[in-house]
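Okay, structure first, notes after.
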Amino acid sequence: MSRILVTGGLGYIGSHTTVELMAKGHEVIVVDNLSNTRESVLDGITAIAGKRPSWVNLDLADAAATQAFFAGNAFDAIIHFAAFKAVGESVEKPMMYYRNNVNALMHVLDYVTSNPSCACIFSSSCTVYGQADHLPISEAAPMKQAESPYGMTKQIGQSMLTDAAKAYGLKVTALRYFNPIGAHPSALIGELPLGPPQNLVPFITQSAAGLRGPLQVYGKDYPTADGTAVRDYIHVVDLALAHIAAMDHLIRQEGGDMHVFNLGTGKGSSVLSVIQAFEDATGTALSWAFAPRRAGDVVAAYADTERAASVLGWRAQRSLADSMKDAWRWQEGLPS
Ligand code: WQD
């Protein structure tokens, strides 16, 4: 089996991917600087995987520390999650996002360009498409002007990887996530936003748990079936399994090109339908009210899933109801 570095491996998608890699028998090394997670996530990973992965508290934006880390290590593949990811926060603090997200990737690429056999998987986002002209969104859709500094750091990252792959013959894949939600069915790991949740589903579960006030539904006049915005909500375990499929595919490729895959369910769900799905799945009523639209939101986004299915042999298996049940079970297990 392979030796895999998971950067941001104590984060939401990183931790779920780490447990799936370990279930496949891979040796996983996690680096994380705990800027948006807690070390206790490691306990959840260990309980699920049956053993504790190696982990290093490392800030990948620190060039010297990162170089020293890589000097003592060799990897068959790197899955790079480590980045700041709150769209709204990036608008308020753009330089924090550019400095962290771009530098961290730069320092990871310093290792990969010196070790071109190391496969590199980059955590990208459907936000690179902006409001796509056609739905569902395929990988051929053009990248539009990013709606936020966060989205711009993902576009910059993809450009860096494309150019480096071509110049140095690297094995690189960018995975464009739609909306990750839910939690591991064990409820031992899940989404743990530090501070008020920016995203819909963790706000729903915290509101339903009485930790937040009523959910504000941002906008009721979008040109959609019920007037609320539409997204493609994908269970985080499905997303984690997609990373395994993408890594297995990439390791078999020749270097030189950046491979791109949209990761979603292919199904669009409006905010109101997500609320309904939560109430139906959990039997818990949610208090909510309409509010003005949120700046930077697109009307609708959901994935064309054919490329991931045909090339990676991967499709999302879990439903919106599964995600709601797992998200609620995780929330109910958290200390209030
Ligand atoms: C979803 C919908 C909101 C909160 C996220 C990530 C981004 C990328 C894609 C990975 C929107 C509405 C939300 C609330 C609401 N993922 N909403 N009330 O903005 O699609 O982007 O997924 O890279 O990084 O940020 O997700 O969950 O914030 O919003 O009405 O309190 O829910 O307006 O329509 P978004 P989100």
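Both counts, for ligands and for their atoms, begin at 1 and track the order of listing.
Residues D221 and R293 are paired through a salt bridge, judged by an N-O separation under 4.0 Å between the basic side chain and the carboxylate. Between E27 and K51 no salt bridge is recorded (no basic side-chain N to carboxylate O distance below 4.0 Å). Using a 4.0 Å cut-off between a side-chain N of Lys or Arg and a carboxylate O of Asp or Glu, D248 and K24 do not qualify as a salt bridge. Taking the charged nitrogens against the carboxylate oxygens, K166 and D163 have no contact shorter than 4.0 Å, which rules out a salt bridge.
In this structure the side chain of V217 reaches within 4.5 angstrom of the side chain of T228, judged on heavy atoms. Here the side chains of Y150 and V91 are not in contact, with every heavy-atom distance at 4.5 Å or above. Side-chain contact check for I181 versus H235: every heavy-atom pair is 4.5 Å or farther apart. The closest side-chain heavy-atom distance from T127 to F178 is not below 4.5 Å. You'll find the side chain of F84 reaches within 4.5 Å of the side chain of M96, heavy atoms only. Considering only heavy atoms from C-beta on, T7 stays 4.5 Å or farther from D32 through its side chain.
The protein atom (non-hydrogen) at minimum distance from atom 23 (O) of ligand 1 is Y150 OH, 2.8 Å. What sits closest to atom 8 (C) of ligand 1 on the protein, heavy atoms only, is S125 OG, 3.6 Å. Taking atom 19 (O) of ligand 1 as the reference point, the nearest protein heavy-atom neighbour is R294 NH2, 2.8 Å. Counting only heavy atoms of the protein, atom 36 (P) of ligand 1 lies nearest to N199 ND2, 3.4 Å. Remark: minimum distance from atom 26 (O) of ligand 1 to any protein heavy atom is reached at N179 ND2, 3.1 Å. Distance from atom 12 (C) of ligand 1 to its nearest protein heavy atom, with residue and atom name: V271 CG2, 3.9 Å. Atom 20 (O) of ligand 1 has as its closest protein heavy atom R231 NE, 2.8 Å. Here the heavy atom of the protein found nearest to atom 16 (N) of ligand 1 is F178 O, 3.5 Å.
Within the 4.0 Å heavy-atom criterion, the part of Y233 lying near ligand 1 is the side chain and not the backbone. Looking at V87 against ligand 1, only its side chain comes within 4.0 Å, counting heavy atoms. Contacts between Q216 and ligand 1 below 4.0 angstrom, taking non-hydrogen atoms only, involve the backbone exclusively. When non-hydrogen atoms are compared, ligand 1 lies under 4.0 Å from the side chain of L215 (C-beta onward) but not from its backbone. Residue-level proximity to ligand 1 for Q198 is carried by the backbone, the only part with a heavy atom below 4.0 angstrom.
Using cut-offs of 30° and 60° on the angle between ring planes, the pair Y12 and H16 is perpendicular. Note on ring orientation: taking the six-membered ring where Trp is involved, the planes of H243 and F81 are tilted (angle from 30° to 60°).
Ligand-side atoms of ligand 1 in range of V217: 30 (O), range being under 4.0 angstrom from any heavy atom. Distances below 4.0 Å separate heavy atoms of D297 from the following atoms of ligand 1: 3 (C), 19 (O), 33 (O). Shown in contact with A229 at under 4.0 Å from a heavy atom are these atoms of ligand 1, numbered in order with element: 34 (O).
The N/O atoms of Y177, backbone and side chain alike, include none that comes under 3.5 Å of an N/O atom in ligand 1. Residue T127 has no nitrogen or oxygen atom sitting less than 3.5 Å from a nitrogen or oxygen atom of ligand 1, judged on distance alone. Here's the thing with L200: one of its N/O atoms is less than 3.5 angstrom from an N/O atom of ligand 1. Taking distance alone, with nitrogen or oxygen atoms compared against 3.5 Å, S124 stays at or beyond that limit from ligand 1.
No side-chain N or O of S159 forms a donor-acceptor pair with one of T162 less than 3.5 Å apart.
The option from Y12, F203, Y218 that lies nearest to atom 14 (C) of ligand 1, judged by heavy atoms, is Y218.
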